[in-house]
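Throughout, protein chains are lettered first and strands after them, A, B, ... in sequence-line order, and every chain is numbered starting at 1. Below, all heavy atoms of this structure are taken into account, side chains as well, without hydrogens, waters or symmetry copies. None of these values were measured; they are calculated from a predicted model.
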Amino acid sequence: MAGLELLSDQGYRLDGRKATELRKLQARMGVFTQADGSAYLEQGNTKALAVVYGPHEMRGSRSRTLHDRAVINCQYSMATFSTAERKRRPHGDRKSTEMSLHLKQTFEAAVMTQLYPRSQIDIYVKILQSDGGNYSVCVNAATLAVIDAGIPMRDYVCACTVGFVDETPLADLCYAEENGGVSSLALALLPRGGQIALLQMDARLHQDHLETLIEAAMTACKGVSKVLDEVVRQHLQEASVLTGE
Amino acid sequence: MIKTERVLHLKSCVGRKLRVVREHYLRERVPCCSSLCQADCVNDGKLLPGDLTHYVVPDVAVVVDYLEILEFRELQGIIFTQTACQALQSKNRRYYKRLQTLVKDPRHDCVLFANEFQKYSYCPREKGESQEKWQTRCVYSAAVWYYNHLAGMMNIVMITEDPEAVDQFSSLTSGVYVISVQDYLQSFWSDLQAAHELFSSISQAQQETEGDDGEKEFPEHLPAEVLEAGIKSERYIQGTLNVNKHRAQNEAFVRPKNFSTKSTDLTWDVLVYGRKNRNRAVHGDEVVVELLPKNEWRGRDTALTDGDEKTGEDNESTPLPTGRIVGILQRNWRDYVVTFPTRDGIQSQSRNSQRILTIPWDQRIPKIRISTQQAEALQDHRVVVRIDSWESTSFYPNGHSVRVLGRAGELETEVQTILLENCIHILPFSDAQLREMPVNSLEKPWTVDPSEVAERRDLRDSRLVFSIDPRGCEDVDDTLSVRKLPNRRLELGVHIADVTHFVKEGSLTDLEARSRATTYYLADRRYDMLPAILSADLCSLLGGADRYAMSVLWELDAESLEVQEVWYGRTLIRSSYQLHYELAQALLNGEQVEVAELANLGPQEKGSKLAQLTEALEMLTHVARHLRAKRDRGGALELEGVEVGAQLDEERNITALVPRQPLEVHETVAECMIYANHWVARKIQEAFPNQALLRRHPPPQQELFNQLVDTAKAKGFTIDTRSNKALAASLDRAVDPQDPLVNRLFRMMATTAMSQALYFSTGAHPQDQYYHYGLALDRYTHFTSPIRRYADIVVHRLLTAALHMQSGVVSGKAPASNKEVEEMAHHVNSKNRAAQAAQMRSTALFQCLFFRERDPQTDPCCVADAVVYSIRDNGVLVFIPEYGARGPVYLKNKEGLVVVAGQDGSCDWQGGTVRKYPDRITTTSSCGTSTFKLFDHITVRISVHSSTCHADRLNLEVISNKPHHSAKSQQPSPQGRSQLVKEVVRQNEEALAQEKTARRPKLSKEEREFRQSKTPSLYSILEEIRELALMDLERASRLPATTA
């Protein structure tokens, strides 16, 4: 099949962005009062809602209890109306299970779990509208929710997908780009220390390019972290005004 | 940036309608690419000049239909909108690619404006608005934006084919004019006749297609989705259509694209038989075939037909997989040269509709229907046409004419035809390109730049540098030096013209050279890759002049000649002697010769200098012998560029412009060049393991040697083809002392079996495929002729980059990536192929021109000795050493008569039968039997089979089965023939003659004889061919004069 031209000679992508530009990122924290922490995040047309419960006592099987740190429990799901064609099964399929596992690994690396031995932290993320980069949007939303819940983390966890087209790394892929035959890579980063929390790639890529790609992903993640930081500060300001401090 | 959203309605893979929302980001700063810009746009790359009267913004429909007109270089200041590009992309990918190259081409004055990403020129599509209307509105708003952006300093003209748009927009904004294409051409380019003609021809073709209705001649092609699915499920086969040149009406083959298909019967090509099954596909198209049921499969014909040379050996005609074409994935239409039929050929058709069926020059292309009013005027002319469409209702494709080349049969027309058919487009160097060139005139002589002297290693005084080239060579790209070092070492140096110093990457000259890729040598002219100031002067390493060079210096052990150290780098040299081969060989032989450079010196000084030079030459020969022996041990093939010429260009390319006469000094120079190429290849491959441009020569397929092995067996020789070493050895043994031609024919056949050497990027192939079969080297590239090959320029740049990297200097630009290098390699390969094909054709053209004017019955030139080298069903293939021509000889003609030899060897046509054996063919008739064996010498008469529409070709007819003995007595004239192309050539450019000698082996010997003996008569012959070329015009009046 004749593919789309993902990067024009003038350096524009399908949606008018340049190679390194991110999509528009908007977020709000504390959208629900019921939960301990919650956040809503839009990255372009991908929209996600994240909710955090805990830390609380282990529920369900007690045998999973860890005596030196907290257990992180993640669940990822997609709304039935999130894609162009209605989805049959919102969660529990293989893809979602894998995604849940990835989220779990990411946050185990970021949350200071040793502060809460024998307890559990639940992170639920739901994709409301999907337009590419689901994993990274989930991570970003969940970070805000965890912060909203007041759980200490080593740093923000910021994630971003990058793709490789015509020898150029493209930051923050949208759905059309993800499906256009790009070899893409998802990276979750603790930006301050530059530590990588998760790196995932399924496509084929020449190893010479890997370094440039990771470099681009890290830059993009740092860009995301700046926005998130702003959102958090904004939220704190609002909260402090409300509480009258 | 501002985010908006675009709603698209797309189809999902299952075919359901989907509503898709895509983001769309707008920005205020989109580069306008105009030099008039006041707003500090970040413009890099091409700029539209500010001194034009207006800029043109073509509408979507104009770009789609009339892109060819916009391709005229005279039209300046064209702004293509993104809207138009996207529309073109969805309609016609081929044209979209052309548009892309157009925009990238700095010689063409046009830019692309991303109007849909500009905040103020973007207009969202309104509800209920048709797509065409919306696109026109977008283009118009882009035009208005430009007018405002440039603060009204430039008038903008929007051209559209939509009359409503003209009405609606023309008076909306002052300074932005909206007019139709025709008005535009008339008011702005009234004197650009070619554009007007093209316009009317396209618009006529379009009207014709609109009013086309009728019965279906062909089944419709299947939709793309069905084809996709079919290919995936292996119901259909995808491949490229190859039409059989000799049975273009009926036979075509599709070579399956991926051999991974599991069904075993598809390892070979699929036959597509007949017009109906071919279903409107044209030679070269990417098609999809469906196999027919087995009972409809059929075999191919193997009898010799007109001009046939290559059909397979199987005469039993086993049924092949046969199929029919169900769809076409990608049209590969190019420009075709066609001939307008004469008046009686036009017949009734033209009177009512002005449509004319024209006959393409290439037999594989079907006739093309053209509507034109100039049919009368264009009779018998060759015209360039493009195919527009081929509807299922029409028996022939529709096209439009682009350019008139001239009357068929004239030399100029024919040469242009050859160029076009091989996709070689050469325009003279433009003023802008020539302006980039440095000046070297009497008033302002070019001198060496002091800053360059500081950077380069100065070899002017320390080394004795000399060049050995053919006599009278102008473009000297290689020089040599050799000297003894104190520490029991030898220093060998190869110094190559530093073209990259003058041709900067990305400059206009560079781009032009890249698109030409090589210097084209035709029989009577050549097209240089670089402007003459560089190729014949500043880059040429002339004797006694200071020149920049790229050098490779080896330090060799004086005894073992092992390499101790290698140095690469830019140098400054002054060649002391510009020798030619004969002179160098004479010096080596110790003969008393006059060296031009020493003519003015006193006898004593002269003696010492001569001794010094001779010593250097001897040292060089010694080293070269050693290198050669080393390569021979590795299995290098002595395929003798001399002996075989055409396909295997290895020897030829290395020996550069050297006539391969059997002088040892040829080999010496060639060996040094191979050595330099090899070491540079090593260097750049090590520095850039993934993006170096190398040259490989894949080992040949063993099956292809079958003919050679069988033929040799008939003569009692065995040929071992297992490895290049074995092949070389067995070819050396296969010598018939009585007939030197036998060995030459063997080598010729071996060469045709070889695959071609190719350029490639090291990142694109695994390392074990780098091997060069012919030269027996593990890595090889082209470095030594940057004046006439673009690949060498690329290699020079890579080497420079490698040296920079080594010394830690950060060069401004990273070397090209693997992908770019690979693309470049493909481009250069295809151009080289085209150049070779064009060269071959032009040689054939000259042959035909020569024989056309001779009466085959009376002229002694037309009778020649020929050797049988292959046996076919109804005839034999022969090789004529005298003219270097190959061709078929029929032993059975269309009436069923066969050739029978009488007692004295003379042949007659009589009723009878032909029988073919592996090593001979016999004809039997009432008078007796005669046999033609492989390697028999026979006598043939040469005549020209001329046709108006296609290329002329030689017709051979056997007149005796005895060798033609009188050849000696008529030496001057037949050699004159070969000589004469050569002389025409040599007069134009010496270099070309050399190239040809290398290519047409047997001439070299004759040439030598000729040079020595008969120089005066040469000019009379030369004059004669000149007249031949002119004669068509004035044939009637001047014929008596010429023959007299």
Side-chain angles (χ1 to χ4, degrees), chain A residues 1-26 42-47 81-87 128-133 164-180 205-210 212 223, chain B residues 1-6 8-10 12-14 16-27 30-31 33 42 44-45 82 85-86 89-90 93 96-97 99-101 103-104 111-114 116-119 122 224-225 227-228 231-232 329-330 689-691 763 814 816-820:
Chain A
M1 264 292 269
L4 292 162
E5 196 189 41
L6 295 176
L7 187 67
S8 75
D9 293 328
Q10 280 71 35
Y12 292 107
R13 289 155 68 173
L14 288 174
D15 49 11
R17 286 183 289 155
K18 297 266 168 103
T20 53
E21 285 170 347
L22 303 177
R23 290 182 284 181
K24 193 172 173 67
L25 206 154
Q26 288 170 302
E42 279 183 17
Q43 201 165 338
N45 275 343
T46 307
K47 299 169 186 179
F81 48 81
S82 62
T83 47
E85 281 176 305
R86 190 183 147 84
K87 236 176 123 64
L128 299 178
Q129 187 176 332
S130 159
D131 187 30
F164 199 68
V165 172
D166 294 340
E167 317 273 309
T168 343
L170 302 186
D172 201 4
L173 303 182
C174 70
Y175 181 77
E177 287 168 335
E178 270 186 349
N179 280 25
L205 184 82
H206 195 286
Q207 67 171 23
D208 289 4
H209 302 315
L210 186 63
T212 46
Chain B
M1 277 198 303
I2 299 164
K3 187 186 133 185
T4 57
E5 270 165 14
R6 261 202 318 181
L8 298 172
H9 292 273
L10 297 176
S12 77
C13 49
V14 207
R16 225 176 293 160
K17 280 237 164 185
L18 278 188
R19 186 171 177 278
V20 172
V21 184
R22 282 211 189 134
E23 287 173 274
H24 191 84
Y25 289 91
L26 300 177
R27 58 183 80 220
V30 170
C33 301
V42 190
D44 44 353
Q82 183 192 8
C85 285
Q86 276 166 358
Q89 188 185 15
S90 59
R93 276 194 158 255
Y96 177 65
K97 287 217 179 94
L99 177 63
Q100 276 184 321
T101 48
V103 171
K104 273 187 216 151
V111 294
L112 182 65
F113 172 55
E116 290 186 21
F117 298 143
Q118 216 295 330
K119 189 177 163 192
Y122 173 68
E225 302 97 81
L227 295 180
E228 280 293 323
I231 294 167
K232 274 202 185 123
L329 291 178
Q330 172 77 63
N690 292 324
Q691 55 222 50
S817 65
N818 174 30
K819 204 175 135 204
E820 283 163 342

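Inter-residue side-chain proximity for A:Asn45 and B:Val21 is flagged as met; some heavy-atom pair is nearer than 4.5 Å. Within the 4.5 Å cutoff, the side chain of A:Asp166 has heavy atoms near those of the B:Lys819 side chain.
For A:Asp208, there are no salt bridge (charged side-chain N to carboxylate O under 4.0 Å, His left out) partners at least two apart in sequence or on another chain. Listed by chain and number, the residues in a side-chain contact (heavy atoms from CB on, under 4.5 Å) with A:Ala176 are A:Leu14, A:Cys174, B:Arg22 (sequence neighbours excluded).
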Between A:Glu21 and B:Tyr25, does the side-chain hydrogen bond (donor to acceptor under 3.5 Å, both in side chains) criterion hold? Intermediate values first, please. CA-CA 11 Å; A:Glu21 285 170 347; B:Tyr25 289 91; over 6 Å; no

Does the pair B:Asn818 and A:His206 meet the rule for a side chain to side chain contact (heavy atoms under 4.5 Å, CB included), with working shown? CA-CA 11 Å; B:Asn818 174 30; A:His206 195 286; over 6 Å; no

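A:Glu5 contributes atom CD, which lies 8.5 Å from atom SG of B:Cys85 (distance to the nearest 0.5 angstrom). Summarising the geometry, atom CD belonging to B:Glu23 is positioned 10.5 Å from atom NZ belonging to A:Lys24; distances are rounded to the nearest 0.5 Å. If you take NZ on A:Lys18 and CZ on B:Arg27, they are separated by 5.0 Å, rounding to the nearest 0.5 Å.
Contacts of A:Arg13 with chain B are made by backbone atoms alone, with heavy-atom separations under 4.5 Å and no side-chain atom involved. Contact annotation for B:Phe113: neither backbone nor side-chain heavy atoms come within less than 4.5 Å of a heavy atom of chain A.
Of the N and O atoms on the side chains of B:Gln82 and A:Tyr12, not one donor lies less than 3.5 Å from an acceptor on the other residue.
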